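Below: the structure, in structure tokens.
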Amino acid sequence: MKDEEIKREMGEPEESNAMKVIRGTGQSIEAEPLETEIKKAGKLENFWYHHKWHAGITIGFIIIGIVLAVQLIIHKTPDVYIMYAGPGAMVGNQYERLEQAILSAMDDYDSNGYKAISFTDNTYLNKEQLEARRKMGLNVDETGNIAAYQRYKMEIAAGEHMFCMLDPELYRDIASMEGFVPLEEIFGEVPKGAVDEYGVRLGDIDFYESNPDISFIPADTILAVRVTSPVNLKSEEKSREYSERHRELLRDIVLLEAEEE
């Protein structure tokens, strides 16, 4: 009796044609043991268990490196650093409008092929301005106003933002301490719109008239360039270059002539 018949009589399933072909080639028909795969998985798990912190830190540094590299590529070094402090609040696209007005007036002071500014603003109201808002029935955030003034004082102490656009009261505080570069040192003479020996009233120069989109900045805002901070860490040569950029910006803005209709 053939093997197949014996198996059928014993209730064993008949071998398929495919299995017969495989058996005829001499290949093993038994399943491959999973021992190799298990060993590989075990090694990976064991490595991760013992080195997960090192691996995690390494991956973190790689991600940080990529982010920093991207930022270096897209970051533009500012030509000048500008600070505004006063009652004018910049909302919506108002900052972009002010930035565009300034960029259109200035040159590429560091000659790197593009123009860029760093800008910081602090919406601050003095006592009279706060009282005026109350009389108009408007909300007054005194806590926020105090915080804005403290931020402004920190900016003044840091000395990074040398080109100032200030409310007259804030301006007088610094001018009284001779904290601004004299206008004659910048222009060679007292220019149009000068309020004293240090500052120029924004509303009295053609730059303001030529850019009606920046009327949210009060006309009595005063423009001035700060003297180099005593805590400045730049070399003497770098300090002169840094200061000169901001003096050039004041000259470009003040001497800009309004286009005739």
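Predicted, not measured: the structure shown is a model, and the values here were computed from it.
- A pairwise comparison of heavy atoms in P168 and D220 identifies CG-O, 3.3 Å as the closest pair.
- Residues I253 and L255 are members of one and the same hydrophobic cluster, defined by side-chain heavy-atom contacts under 4.5 angstrom among Ile, Leu, Val, Met, Phe, Trp and Tyr.
- For the atom pair N122 CG and Y152 OH, the distance stands at 9.5 Å (nearest 0.5 Å).
- A distance of 5.5 Å separates OG in S104 from CG in N211, rounded to the nearest 0.5 Å.
- Put simply, CG on D173 and CG on L166 are 9.5 Å apart, with the number rounded to the nearest 0.5 Å.
- Side-chain polar atoms of D110 and N112 form a donor-acceptor pair below 3.5 angstrom.
- Side-chain atoms of E128 and E169, non-hydrogen and from C-beta on, do get closer than 4.5 Å to each other.
- Surrounding CD of E185 are more than 12 heavy atoms belonging to other residues, nucleotides or ligands, all under 6.0 Å away.
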Problem set entry | Criterion side-chain contact (heavy atoms from CB on, under 4.5 Å) on I205 and L223, from CA distance to verdict | CA-CA 11 Å; I205 58 177; L223 312 181; 4.0 Å; yes

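- Without hydrogens or angle criteria, Y242 side chain to T228 main chain gives no donor-acceptor distance under 3.5 Å.
- Once rounded to the nearest 0.5 Å, the distance linking CG of D121 with NE2 of H161 reads 10.0 Å.
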For this session: Decide side-chain contact (heavy atoms from CB on, under 4.5 Å) for F207 and I214; before the verdict, give the C-alpha distance in whole Å, the side-chain angles of both, and the deciding distance to 0.1 Å.
Result: CA-CA 10 Å; F207 174 79; I214 67 169; 3.7 Å; yes

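- Closest non-hydrogen pair, K192 versus D204, comes out as CE-O, 3.2 Å.
- Residues I82 and H246 have side chains not in contact (no heavy-atom distance under 4.5 Å, counting atoms from C-beta outward).
- Listed for the Q129 side chain is a donor-acceptor partner under 3.5 Å among the backbone atoms of N126.
- K115 places a side-chain N or O within donor-acceptor distance of the main-chain N or O of L103, the cut-off being under 3.5 Å.
- Closest of all the heavy-atom pairs between R201 and A219 is CG-O, 3.5 Å.
- A salt bridge links R251 and E244; the closest N-O separation between the charged side-chain nitrogens and carboxylate oxygens is under 4.0 Å.
- With salt bridges taken as basic N to acidic carboxylate O contacts below 4.0 Å, none links D196 and R172.
- A salt bridge between E142 and R134 is present, with a side-chain N of the basic residue lying under 4.0 Å from a carboxylate O of the acidic one.
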For this session: Decide yes or no on side-chain contact (heavy atoms from CB on, under 4.5 Å) for E189 and L183, but give the supporting numbers first.
Result: CA-CA 7 Å; E189 59 182 0; L183 293 174; over 6 Å; no

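- Contacts classified as ring-ring contact (aromatic ring centres under 6.0 Å, His included) and involving residues 119-148 (residues at least two apart or in different chains) are given here: Y95-F119, Y124-Y149.
- Scanning both residues, V181 and R247, for their nearest heavy atoms gives CG1-CZ, 3.8 Å.
- F216 has its side chain within reach of R97: a pair of non-hydrogen atoms, C-beta onward, lies under 4.5 Å apart.
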For this session: Applying ring-ring contact (aromatic ring centres under 6.0 Å, His included), run through F180 and Y171 and close with a yes or a no.
Result: CA-CA 9 Å; F180 295 116; Y171 165 80; 5.0 Å; yes

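- Atom CD of E131 sits about 5.5 Å away from atom NZ of K135, to the nearest 0.5 Å.
- When atom types are taken as modelled, the side chain of D206 and the backbone of E209 share no donor-acceptor pair closer than 3.5 angstrom.
- For I222 against G199, the heavy-atom pair with the smallest separation is CG2-CA, 3.7 Å.
- At distances below 3.5 Å, at least one donor-acceptor pair connects side-chain atoms of T221 with backbone N or O atoms of P218.
- Residues T123 and A89 approach most closely at OG1-CA, 3.6 Å, considering heavy atoms.
- Contact annotation: the side chain of I117 never approaches that of F163 to less than 4.5 Å [non-hydrogen atoms, C-beta and beyond].
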Exercise. What's the verdict on side-chain contact (heavy atoms from CB on, under 4.5 Å) for L98 and I102, showing C-alpha distance, side-chain angles and the deciding distance?
Worked result: CA-CA 6 Å; L98 177 61; I102 294 172; 4.0 Å; yes

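- Counting heavy atoms from C-beta outward, L125 and D167 have side chains that stay 4.5 Å or more apart.
- Looking at V80 and S118, their side chains never come closer than 4.5 Å, going by heavy atoms from C-beta outward.
- Residue pairs meeting the side-chain hydrogen bond (donor to acceptor under 3.5 Å, both in side chains) criterion with at least one partner in residues 79-88, sequence neighbours excluded, are absent.
- Considering only heavy atoms from C-beta on, Y109 comes within 4.5 Å of D252 through its side chain.
- With no hydrogens or angles considered, no side-chain donor-acceptor pair links D213 and Q94 at under 3.5 Å.
- Taken from CG in D108 to CZ in R245, the straight-line distance is 9.0 Å, to the nearest 0.5 Å.
- Looking only at side-chain heavy atoms (C-beta outward), V254 and P191 come within less than 4.5 Å of each other.
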